[in-house]
Amino acid sequence: MSDDTLSPRAPHAWVAPLLSTLVTLPAAGFALLYGGLSPMACDSCNGARAARFTDSFDAAWAVLCTGLVLSLIVLVASWAVPWQRSQDAKRVLLSTGAPVVVGVASIAFTALVDWP
């Protein structure tokens, strides 16, 4: 395939992945910090209440970590999309998907924990 059959290079193809990176990484860091500090909510719990919290936290933590890894994969994919104009829609979709996945994972974490 010659170069003239490819669509032209998009001059600002880096903008969407960069903005996504600037939003996704801090949001993921805050989500991880929030999730990591959440067990302190049940410091004074004991007995059945503590067991319920621990069981729900373990499942929610797995969901949060999986969501954050998935958001990182989507973010890397947004950078890896070829920088041709024909790929602009895919690049923008992946770029907006990364912070959305962080938000969904954070909401799912909060919903899954049986808070005291």
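All values below come from the heavy atoms of this structure, side chains included, with hydrogens, waters and symmetry mates left out.
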N/O donor to acceptor pairs below 3.5 angstrom from side-chain atoms of residues 64-78, sequence neighbours left out:
| residue | atom | partner | partner atom | Å |
| --- | --- | --- | --- | --- |
| Thr66 | OG1 | Ala62 | O | 2.7 |
| Ser71 | OG | Leu68 | O | 2.7 |
| Ser78 | OG | Leu75 | O | 2.6 |

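- Residue pairs meeting the ring pair (Phe, Tyr, Trp, His ring centres under 6.0 Å) criterion with at least one partner in residues 85-104, sequence neighbours excluded, are absent.
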Can you give the donor-acceptor pairs under 3.5 Å from side chains of residues 22-44 to other protein atoms, not counting sequence neighbours?
| residue | atom | partner | partner atom | Å |
| --- | --- | --- | --- | --- |
| Thr24 | OG1 | Ser20 | O | 2.7 |
| Thr24 | OG1 | Ser20 | OG | 3.4 |
| Ser38 | OG | Tyr34 | O | 2.6 |

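- Rounding to the nearest 0.5 Å gives a distance of 10.0 Å between CD of Gln87 and CG of Leu94.
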I'd like a table of donor-acceptor pairs (distance under 3.5 Å, sequence neighbours excluded) in which one partner is a side-chain atom from residues 109-116, with atom names and distances.
| residue | atom | partner | partner atom | Å |
| --- | --- | --- | --- | --- |
| Thr110 | OG1 | Ser106 | O | 3.0 |
| Asp114 | OD2 | Arg52 | NE | 3.2 |
| Trp115 | NE1 | Thr110 | O | 3.0 |

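- Sorted by first then second residue, the salt bridge (charged side-chain N to carboxylate O under 4.0 Å, His left out) pairs that include residues 57-82, not counting sequence neighbours, number zero.
- Evaluation of the side-chain hydrogen bond (donor to acceptor under 3.5 Å, both in side chains) rule for Asp88 yields Arg91 as partners, not counting sequence neighbours.
- Taking the side-chain hydrogen bond (donor to acceptor under 3.5 Å, both in side chains) definition, one finds that Trp79 meets it with Thr21, sequence neighbours left out.
- Taking the side-chain contact (heavy atoms from CB on, under 4.5 Å) definition, one finds that Val100 meets it with Val104, sequence neighbours left out.
- Take Thr54 and apply the side-chain hydrogen bond (donor to acceptor under 3.5 Å, both in side chains) test, not counting sequence neighbours, and it matches no residue.
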